[in-house]
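Report on the structure given below.
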Amino acid sequence: MSAIEIIAVAGLLAWLYLVLLHGGFWRTREREEVHDFRDSPPNFDWPSIVAIIPARNEADVLPRSLASLAAQNYPGEFSIVLVDDQSSDGTSDVAQRIANEAGRKITVVSGAALPSGWTGKVWAMHQGIAVASDQADAPQYFLLTDADIGYEPDVLTSLVQRASGENRVLTSVMAKLNCESFAEKALVPAFVFFFKMLYPFAWANRAIARTAAAAGGCMLVERLALERAGGIAAIRGALIDDCTLAKNMKVQGPIWLGMSERVVSLRSYPMVDDIRRMVARSAYAQLHYSPLLLLGTVAGLSVIYLAPPAIFLAGSYPAWLLAGITYLLMAVSFQPTLRFYHRSPLWGFGLPLIAAAYLVFTLDSAYQHSAGRGGLWKGRVQAQAGKQ
């Protein structure tokens, strides 16, 4: 058997495993659902909730995101704490104006300087949780959410009904990302596809499985379980804070992660370089800053994504046939995610090129780390926090 045939067989076996045995990662059936609070059991005791929003230079999106949270029709006690994380664009002023106009309690906190060993977002969340916990009646849940996330009015009710009904200590929803520019249309659906390949939602939602994952834009967390897990301080240096938190919380009880069209990201990525920076911020951290894992990733992506179309177009029989089957499996598995983002099925055949772009972003992440710019986000280099 030639080397080309070995690569073709390896690629086909890898995709057969992924499609048939890897937690159904390609499906999009784990969904946040519409619920009516009137469907809840009689005399249901709605838990108290405080939303914690870390915000650094988010003045442009707060009129939509913060306003959408203030408009939640949640029947229980619900308030919001926004931590202005050393912003320079008037974030605090915008948040305070919305707070004055809202019919809901919104507390705006000026964040303290970032201490050594902490990443910025986690430090801001820690301060917001401290303010919320210092109230006379500490909330039963925290909604940990990003400043660029928008909500339909009944989403919080839906999350609480799932968390309470299924005894989940962490209930998280992956926000639907913006998908309007050419760069977003080409790269955003694959970002979700690759995330689900790394963390199959079905495995994350299964109590006995080791996989743990969450989407940091929207996480409903039971307060007492969070305290048992060591609080937010336990993940103080994490760049990938959501999945790190999920790992800690799953030790305390069941978690759930799903998708939603009613929780949306308001942040746009108009250019390919915007998406590159977003991926490069944490891709090398995902590999634990390991050159060996980076080499393994390059080899694995080459065999799984890049080799099949190349062998299909230029290889000889039987390698081209095996590679063609692999290429088809790849394109078909991408279809549910493309439908979720209302993209043409033909994008499925572009997945090898898209994967090549993400491979370049990952290599750039390693380069940025070696150059001392790892984890760069809004002027902060944060990669070293997780290594202290």
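Quick note: residue numbers are just sequence positions, from 1. Computed from a prediction, not measured in an experiment: that's the story for all the values here.
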Ile149 side chain near Val264 side chain, heavy-atom distance below 4.5 Å: no

Nearest heavy-atom neighbours spanning Gly120 and Asp85: O-OD2, 3.7 Å

is_close_aromatic(Phe191, Phe195), centroid dist under 6.0 Å: no

Asp273/Arg277 ion pair, N-O < 4.0 Å: yes

Under 3.5 Å: donor-acceptor pair, side chain of Ser365, backbone of Phe361: no

Cluster link Met125 to Val109, ILVMFWY, side chain under 4.5 Å: yes

Short side-chain to backbone donor-acceptor contact, Ser282 and Ala285, under 3.5 Å: no

Under 3.5 Å: donor-acceptor pair, side chain of Gln368, backbone of Arg373: no

4.5 Å side-chain heavy-atom contact, Leu69 and Ile53: yes

Heavy-atom donor-acceptor pair, Gln86 side chain to Arg56 backbone, under 3.5 Å: no

Worked verdict on Leu159 versus Val173 for side chain to side chain contact (heavy atoms under 4.5 Å, CB included): CA-CA 9 Å; Leu159 294 176; Val173 170; 3.5 Å; yes

Ala99 backbone acceptor or donor facing Lys105 side chain under 3.5 Å: no

Rounded distance [0.5 Å steps], CG in Asp148 versus CG in Leu66: 12.5 Å

Side-chain (Arg262) to main-chain (Glu152) donor-acceptor, under 3.5 angstrom: no

Exam field: side chain Arg31 to backbone Met259, donor-acceptor pair closer than 3.5 Å: no

Side-chain H-bond candidate by donor/acceptor type, Arg228 with Gln252, under 3.5 Å: yes

Spacing of CG belonging to Leu18 relative to CG belonging to Leu16, to within rounding of 0.5 Å: 9.0 Å

Cluster link Val303 to Leu328, ILVMFWY, side chain under 4.5 Å: no

Side chains of Ser65 and Tyr151, donor plus acceptor under 3.5 Å: no

Value rounded to 0.5 Å, distance of CD1 in Ile49 from CD in Gln72: 9.5 Å

Over 12 non-hydrogen atoms of neighbours within 6.0 angstrom of CG in Asp137: no

Test item: Ile98 and Leu62 side chains (from C-beta on) under 4.5 Å apart, heavy atoms: yes

Lys121 and Asp146 ion-paired at < 4.0 Å: yes

Ile311-Ile6 co-clustered via ILVMFWY side chain contacts under 4.5 Å: no

Pair Val221-Leu143, side chain to side chain contact (heavy atoms under 4.5 Å, CB included): steps then yes or no: CA-CA 6 Å; Val221 181; Leu143 176 67; over 6 Å; no

Heavy-atom pair of closest approach, residues Asn167 and Pro254: O-CD, 3.6 Å

Within 6.0 Å of NZ in Lys176, more than 12 heavy atoms from elsewhere: yes

Worked check of side chain to side chain contact (heavy atoms under 4.5 Å, CB included) between Asp242 and Met219: CA-CA 8 Å; Asp242 44 14; Met219 301 186 293; 3.9 Å; yes

Donor on one side chain, acceptor on other, Ser48 and Glu77, under 3.5 Å: no

Glu184 side chain to Tyr269 backbone, donor-acceptor under 3.5 Å: yes

Check: Phe334 ring centroid to Phe349 ring centroid under 6.0 Å: no

Hydrophobic cluster identity match, Ile4 and Leu306, side-chain contacts under 4.5 Å: no

Distance-only side-chain donor-acceptor flag, His369 / Tyr289, under 3.5 Å: no

Any side-chain donor near an acceptor of the partner, Ser87 and Asp84, under 3.5 Å: yes

Where Met174 and Ala215 come nearest, the two heavy atoms and their spacing: CA-CB, 3.5 Å

Over all atoms of both residues, closest heavy-atom pair of Val83 and Gly111: CG1-CA, 3.9 Å

Ring centroid separation Phe25 to Phe193 under 6.0 Å: yes

NZ/NE/NH1/NH2 to OD/OE distance under 4.0 Å, Arg267 and Glu58: yes

Passing candidate, ring pair (Phe, Tyr, Trp, His ring centres under 6.0 Å) with His22, options Phe201, Tyr17, Tyr199: Tyr17

Sidechain-backbone polar pair: Asp274 side chain, Met271 backbone, donor-acceptor under 3.5 Å: yes

Aromatic Trp123 / basic Arg236 pairing, under 6.0 angstrom, 45° off normal: no

Short N-O contact, Lys185 and Glu180, less than 4.0 angstrom: no

The single option from Val160, Leu156, Thr157 passing side-chain contact (heavy atoms from CB on, under 4.5 Å) against Pro75: Thr157

Verdict with reasoning, Phe312 to Thr326, per side chain to side chain contact (heavy atoms under 4.5 Å, CB included): CA-CA 9 Å; Phe312 174 67; Thr326 304; over 6 Å; no

Reported CD-to-CD1 distance for the pair Glu222 and Ile255, which is rounded to 0.5 angstrom: 13.5 Å

Side chain proximity check, Phe142 to Leu220, heavy atoms < 4.5 angstrom: no

Pair Phe194 and Tyr358, ring centroids less than 6.0 Å apart: yes

Asp60 side, atom CG; Leu266 side, atom CG - distance, nearest 0.5 Å: 9.5 Å

Pair Trp15 + Tyr305: ring centers closer than 6.0 Å: yes

Pro352 side chain near Tyr327 side chain, heavy-atom distance below 4.5 Å: yes

Ala102 to Ile106 - nearest heavy-atom pair and separation: CB-CD1, 3.9 Å

Side-chain touch Ile129/Leu144, heavy atoms, less than 4.5 angstrom: yes

Flag side-chain contact, heavy atom, 4.5 Å: Val188 against Asn178: no

hydrophobic_cluster_shared for Val279 and Tyr367, side chain cutoff 4.5 Å: no

Parallel, tilted or perpendicular: ring planes of Tyr74 versus Trp46, cut at 30 and 60 degrees: perpendicular

Minimum heavy-atom distance Gly23-Ala202, with the two atoms named: O-CB, 3.5 Å

Rounded distance (nearest 0.5 Å) linking atom CD1 of Ile80 with atom CD1 of Ile52: 10.0 Å

Short side-chain to backbone donor-acceptor contact, Glu5 and Ser2, under 3.5 Å: yes

CH2/Trp256: more than 12 non-hydrogen atoms of other groups inside 6.0 Å: yes

